Amino acid sequence: MAKYIVQIVVLGTQIVGKAFAKALRQEYQASQEAAKRAGGGRQGSQSAATSAKTGISVEEAKKILNIEKLDPAKINESYEHLFNVNDKNKGGSFYLQSKVVRAKERLDEELKIQTDSATSKNKSES
């Protein structure tokens, strides 16, 4: 009886281990693909890491704020409008309001990454 229990435990451990390894490989590949989409190199890696940290991609944030390009003025304008429209006191949704805040935070981070990248590029060219 104990022999069968040990076999079941070993077999279960192997199955879970293989599934974990496969999930880890998939996550690594997804991370690499996100870095490539974000422009590759150091900036792409930073952008992918920020997306993972914030839980929202640049594309998703752009869709939420209904913008096409990373223009700080348009981002702020859209943010202010959507934040005020979704104010709970005006009958809006706190959930949507929080999504708008997270989208703006993500785009602000992306603008910072791009600014830092441009600054370091200019320094290296000098």
Side-chain angles (χ1 to χ4, degrees):
M1 179 75 169
K3 178 181 172 182
Y4 295 120
I5 293 174
V6 170
Q7 286 178 338
I8 290 171
V9 169
V10 169
L11 185 62
T13 303
Q14 288 176 341
I15 291 170
V16 170
K18 287 180 184 178
F20 180 75
K22 183 177 179 181
L24 196 59
R25 280 192 301 273
Q26 287 176 343
E27 184 61 32
Y28 179 74
Q29 289 172 346
S31 173
Q32 294 298 316
E33 184 62 33
K36 287 179 189 174
R37 280 196 318 263
R42 184 170 180 228
Q43 181 182 351
S45 296
Q46 285 179 332
S47 181
T50 304
S51 290
K53 182 177 75 173
T54 59
I56 187 172
S57 69
V58 174
E59 293 81 19
E60 184 180 0
K62 285 180 180 179
K63 286 179 184 176
I64 291 170
L65 292 179
N66 196 26
I67 60 170
E68 294 179 11
K69 295 181 182 178
L70 291 178
D71 178 21
K74 292 226 183 246
I75 291 171
N76 286 330
E77 179 184 333
S78 182
Y79 166 75
E80 291 292 331
H81 172 71
L82 292 171
F83 187 84
N84 290 329
V85 166
N86 288 300
D87 187 5
K88 188 155 176 94
N89 295 332
K90 297 177 184 176
S93 166
F94 179 73
Y95 173 76
L96 292 177
Q97 197 176 40
S98 67
K99 288 297 258 186
V100 169
V101 170
R102 297 292 167 250
K104 182 177 185 313
E105 288 176 348
R106 177 62 182 100
L107 293 179
D108 288 344
E109 285 291 324
E110 190 65 22
L111 287 170
K112 183 178 179 233
I113 290 170
Q114 288 181 358
T115 303
D116 291 347
S117 177
T119 303
S120 65
K121 193 175 191 180
N122 289 338
K123 285 181 182 179
S124 65
E125 290 176 356
S126 297

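Keep in mind that this is a model prediction, so the values were computed, not measured.
Separating the OG atom in Ser57 from the CD atom in Glu110 is a distance of 10.0 Å, to the nearest 0.5 Å. One distance of note links CD1 of Ile75 with CZ of Arg106; it measures 11.0 Å at 0.5 Å rounding. Summarising the geometry, atom CD belonging to Gln97 is positioned 8.0 Å from atom CG belonging to Asn84; distances are rounded to the nearest 0.5 Å. Asn66 contributes atom CG, which lies 7.5 Å from atom CG of Leu82 (distance to the nearest 0.5 angstrom). Atom-to-atom distance recorded for Leu107:CG and Ile56:CD1 is 7.5 Å, nearest 0.5 angstrom.
A heavy-atom distance below 4.5 Å is found between the side chains of Lys62 and Leu70. Counting heavy atoms from C-beta on, the side chains of Glu60 and Lys99 come closer than 4.5 Å. At a threshold of 4.5 Å between non-hydrogen side-chain atoms, the residues Val85 and Lys90 do not count as touching.
Salt bridge Asp108/Lys104: present, at least one basic N to carboxylate O contact under 4.0 Å.
Under a hydrophobic-cluster definition in which Ile, Leu, Val, Met, Phe, Trp and Tyr are linked whenever side-chain heavy atoms come within less than 4.5 Å, directly or via other members, Leu96 and Val101 are assigned to different clusters.
By the 6.0 Å contact criterion, CD on Glu68 is open, its count of non-hydrogen atoms from other residues, nucleotides or ligands being 12 or less. Within 6.0 Å of CG on Asp87 lie more than 12 heavy atoms contributed by other residues, nucleotides or ligands.
Between Asn86 and Val100, the shortest heavy-atom contact is ND2-CG2, 4.4 Å. Looking at every heavy atom in both residues, Ala61 comes nearest to Ala103 through CB-O, 3.6 Å.
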Assess whether salt bridge (Lys or Arg N to Asp or Glu O under 4.0 Å) is satisfied between Glu109 and Lys112, documenting all intermediate values.
CA-CA 5 Å; Glu109 285 291 324; Lys112 183 178 179 233; 5.2 Å; no

